[in-house]
Amino acid sequence: MRDPGISVVICVYTEDRWEDILAAVSSVRAQSYPALETLLVVDHNQALLDRLAREYKEAGDVRVLANAGPRGLSAGRNTGIAASHGEVIAFLDDDAVAERDWLRRFAEGYADPRVMAVGGRTMPVWASGRRPAWFPEEFDWVVGCTYRGLPPGRVRVRNVLGGNASFRRTAFEAAGGFATGIGRDGDRRPLGCEETELCIRLTRARPDAVLLIDDRAVIHHRVPAAREHFAYFRTRAYAEGLSKALVSRSVGADKGLESERRYTTRVLPAGIARGLRDALLARPGGAGRAGSIVAGVLTAAGGYVVGSVRARRGGPTFSVVRIEGGTLTDAGVRIGEDTGSDLGVRIAGDTTNDPRVRIGEDTTSDPGGRIYGDAANDPGARTDRDTTSDPRARIDGDTASDPGARTERDPA
């Protein structure tokens with residue numbers, strides 16, 4: 001198979017992250033496997049749209065677009081997908097930088113035509129310079145990073161993690177885009193799970209689809225000081241519970257919570273035991289980490305219960321769009337209404353009365369690899385070795401800072 005052309009979509013929403021946005025774009029432009037294009041999708045912020053349009057006015061490889069859908073990350077991603085030209089579309093957070101071989105590792109995964117998505121490993125860069133002593137690695141997903149419990153190497157998974165992920169264009173043609181009404185909306189409550197819902201929907205639409213994580217596709221994600229505090233930890237865990245309730249409403253609890261059951265019954269008890277052991281050995285933060293794991297589980301469970309009750313009472317809904325040839329079309333799918341627990345997704349609703357939004361134009365204000373192992377996104381996979389303090393350290397143990405180091409699961 002020929003090397004795929006990869007478009008990179010970076011969704012942005014605030015000028016407060018100006019330097020981060022520039023750094024993210026620079027990291028894409030420095031890739032050893034060049035991106036076909038970089039698309040900056042601005043979420044309903046005219047001042048930021050204008051500023052970025054001026055910044056990249058002369059850049060032929062960077063396009064600046066306005067989010068053509070409702071406010072939020074999902075609609076921004078859908079806008080980028082529709083406007084892009086690549087066979088593969090990769091997503092990078094606006095406050096992250098990618099290592100030089102990030103896109104190369106993604107491209108290698110698509111050598112197998114069954115592969116519909118490839119994700120990578122996201123490492124936290126703490127504003128304070130080091131991980132808070134009480135913050136358990138098992139909960140790094142709270143700050144948008146790869147958490148302890150994910151399997152190492154290049155492995156098959158249920159879902160990729162949205163801030164460091166890529167999909168074939170045909171994946172969106174088969175399953176539709178990211179669901180709007182779920183996921184993040186600027187600085188509001190930090191919901192998530194939009195990529196989980198999409199990936200489960202994709203494997204239903206394409207049962208032969210293979211989704212991978214390759215932990216050599218590394219990005220470094222900035223964690224601001226506000227997110228190093230327990231108050232954010234608690235808020236994000238609660239929001240995750242709310243989001244998981246919506247996903248379960250869409251795809252059924254069996255699929256929606258499949259990996260989470262393994263995570264809560266295998267990974268987290270081991271994390272609590274480690275924390276208590278460290279406390280007994282008078283190591284800093286041991287008791288705090290154990291307590292935070294318990295608090296995080298209880299808070300997420302509370303959010304899930306509240307979200308499930310709201311969904312049954314006709315509470316929050318989300319919808320799916322169809323993406324075809326640069327056009328976003330409402331697919332007529334509404335989740336959270338009286339649609340049962342199974343989306344039954346065939347993205348082909350009656351769209352005759354729905355407005356179509358053309359994306360392919362400039363809307364700015366300025367004229368490789370075999371699959372090794374099948375961990376099925378099992379967060380219970382053993383990753384019980386200590387990781388180093390180096391933000392580039394591999395998740396599967398102290399194997400030095402080389403992100404390209406080979407693993408047991410990927411002898412290629």
### Query
How about Asp20 and Arg222: do any of their side-chain heavy atoms sit closer than 4.5 Å?
yes
### Message
For Thr180, is there any backbone N or O sitting under 3.5 Å from a side-chain donor or acceptor partner on Glu194?
### Response
no
### Task
Over 60° means perpendicular and under 30° means parallel, so classify the ring planes of Phe172 and Phe167, tilted if in between.
tilted
### Task
Rounded to the nearest 0.5 Å, what's the gap from CG on Asp215 to CE on Met123? Could you check?
9.5 Å
### Task
Using atom types as modelled and distance alone, determine if a side-chain donor or acceptor of Asn45 lies under 3.5 Å from a backbone N or O of Leu48.
yes
### Query
At their closest point, which heavy atom of Leu161 faces which heavy atom of Ala165, and how far apart are they?
O-CB, 3.4 Å
### Task
Test side-chain contact (heavy atoms from CB on, under 4.5 Å) on Tyr238 and Thr299 and set out the steps.
CA-CA 5 Å; Tyr238 181 76; Thr299 304; 3.6 Å; yes
### Stepwise side-chain hydrogen bond (donor to acceptor under 3.5 Å, both in side chains) test for Thr146 and Arg121
CA-CA 6 Å; Thr146 300; Arg121 180 162 54 103; over 6 Å; no
### Task
Spell out, as yes or no, whether a donor-acceptor pair under 3.5 Å connects the side chain of Thr14 to the backbone of Asp16.
yes
### Message
Nearest 0.5 Å, please: how far is CG in Asn164 from CG in Asp93?
### Response
8.5 Å
#### Entry: Shortest non-hydrogen contact between Val155 and Pro152, atoms and distance
CG1-O, 3.4 Å
### Message
Out of the candidates Arg51, Glu58, Lys57, only one should pair with Arg54 under the side chain to side chain contact (heavy atoms under 4.5 Å, CB included) rule; please name it.
### Response
Arg51
### Message
Please check this pair: side chain of Thr79 against backbone of Ala68, looking for a donor-acceptor N/O pair closer than 3.5 Å.
### Response
yes
### Task
For this output row, return yes or no: ring centroids of Trp102 and Tyr33 closer than 6.0 angstrom.
no
### Message
Less than 4.0 angstrom from a charged side-chain N to a carboxylate O is my criterion; do Arg274 and Glu138 meet it?
### Response
yes
### Heavy-atom check, side chain of Phe233 versus side chain of Pro136, under 4.5 Å
yes
### Flag, side chain of Asp112 to backbone of Arg114, donor-acceptor distance under 3.5 Å
yes
### Summary
Separation between CG (Leu92) and CD1 (Ile21), nearest 0.5 Å, reads 11.5 Å
### Query
Under a 4.0 Å N-O cut-off, is there an ion pair linking Arg17 with Asp95?
yes
### Message
Any salt bridge linking Glu197 with Arg201? Criterion: basic side-chain nitrogen under 4.0 Å from a carboxylate oxygen.
### Response
yes
### Message
Between the side chains of Arg236 and Glu240, is the shortest nitrogen-to-carboxylate-oxygen separation below 4.0 Å, so that they form an ion pair?
### Response
yes
### Query
Where is the tightest heavy-atom contact between Ala179 and Ser74, given as atom of each residue plus distance?
O-OG, 2.9 Å
### Task
Under the side-chain hydrogen bond (donor to acceptor under 3.5 Å, both in side chains) rule, collect the residues that match up with Arg29, sequence neighbours excluded.
Asp61
### Message
The criterion is salt bridge (Lys or Arg N to Asp or Glu O under 4.0 Å); which residues satisfy it with Glu228, sequence neighbours excluded?
### Response
none
### Message
Taking the basic N atoms (NZ, or NE/NH1/NH2) and the acidic carboxylate oxygens, is any pair closer than 4.0 Å for Arg71 and Asp43?
### Response
no
### Electrostatic pair Glu108:Arg154 at N-O distance under 4.0 angstrom
yes
### Task
Report the distance from atom OG of Ser292 to atom CZ of Phe230, rounding to the nearest 0.5 Å.
5.5 Å
### Message
Could you check whether any side-chain heavy atom of Met116 comes within less than 4.5 Å of a side-chain heavy atom of Leu202, counting everything from C-beta outward?
### Response
yes
### Query
Does Cys145 offer a backbone N or O that forms a donor-acceptor pair with the side chain of Thr122 under 3.5 Å?
no
#### Entry: Nearest heavy atoms of Arg289 and Asp278, plus distance in Å
NH2-OD2, 2.8 Å
### Task
For residues Arg100 and Gln31, report the shortest heavy-atom separation together with the two atoms involved.
O-OE1, 3.0 Å
### Message
Between Leu52 and Val42, is the side-chain contact (heavy atoms from CB on, under 4.5 Å) condition met? List the steps.
### Response
CA-CA 9 Å; Leu52 285 170; Val42 183; 3.9 Å; yes
#### Entry: Trace of the side-chain contact (heavy atoms from CB on, under 4.5 Å) decision for Asn159 with Ile200
CA-CA 7 Å; Asn159 63 274; Ile200 296 174; 5.7 Å; no
### Val118 backbone acceptor or donor facing Ser166 side chain under 3.5 Å
yes
#### Entry: Val125 backbone acceptor or donor facing His221 side chain under 3.5 Å
no
### Within-4.5 Å side-chain heavy-atom neighbours: Leu73 and Tyr13
no
### Message
So, using salt bridge (Lys or Arg N to Asp or Glu O under 4.0 Å) as the criterion, who are the partners of Arg234 when residues are at least two apart?
### Response
none
### Query
Are Arg131 and Asp140 close enough for a salt bridge, meaning some N to O gap below 4.0 Å?
yes
### Side-chain heavy atoms of Asp101 within contact of Leu103, under 4.5 Å
no
### Query
Between atom OG1 of Thr196 and atom NZ of Lys244, what is the distance when rounded to the nearest 0.5 Å?
5.0 Å
### Message
For Gly86, is there any backbone N or O sitting under 3.5 Å from a side-chain donor or acceptor partner on Ser7?
### Response
yes
### Message
Before we go on, tell me: are the rings of Phe178 and Phe91 under 6.0 Å apart, centre to centre?
### Response
yes
#### Entry: Ala279 versus Ala287, closest heavy-atom pair with distance
CB-N, 3.7 Å
### Message
Can you tell me how far apart SG (Cys199) and CZ (Arg158) are? Round to the nearest 0.5 Å.
### Response
8.5 Å
### Student check: side-chain heavy atoms of Tyr263 and Tyr147 closer than 4.5 Å
yes
### Query
Can you tell if the side chain of Val41 reaches within under 4.5 Å of the side chain of Ile10, non-hydrogen atoms only?
no
### Steps toward side-chain contact (heavy atoms from CB on, under 4.5 Å) verdict (Val9, Ile89)
CA-CA 7 Å; Val9 174; Ile89 300 98; 3.7 Å; yes
### Task
Could you tell me whether Arg322 and Glu173 have a side-chain N and a carboxylate O separated by less than 4.0 Å?
no
### Query
Should the pair Phe139 and Trp141 be assigned to parallel (<30°), tilted (30 to 60°) or perpendicular (>60°) ring geometry?
tilted
### Query
Short question: side chain of Arg216, backbone of Gly120 - any donor-acceptor pair under 3.5 Å?
no
### Task
Determine whether Cys11 and Leu40 make a side-chain contact, defined as any pair of heavy atoms from C-beta on separated by less than 4.5 Å.
no
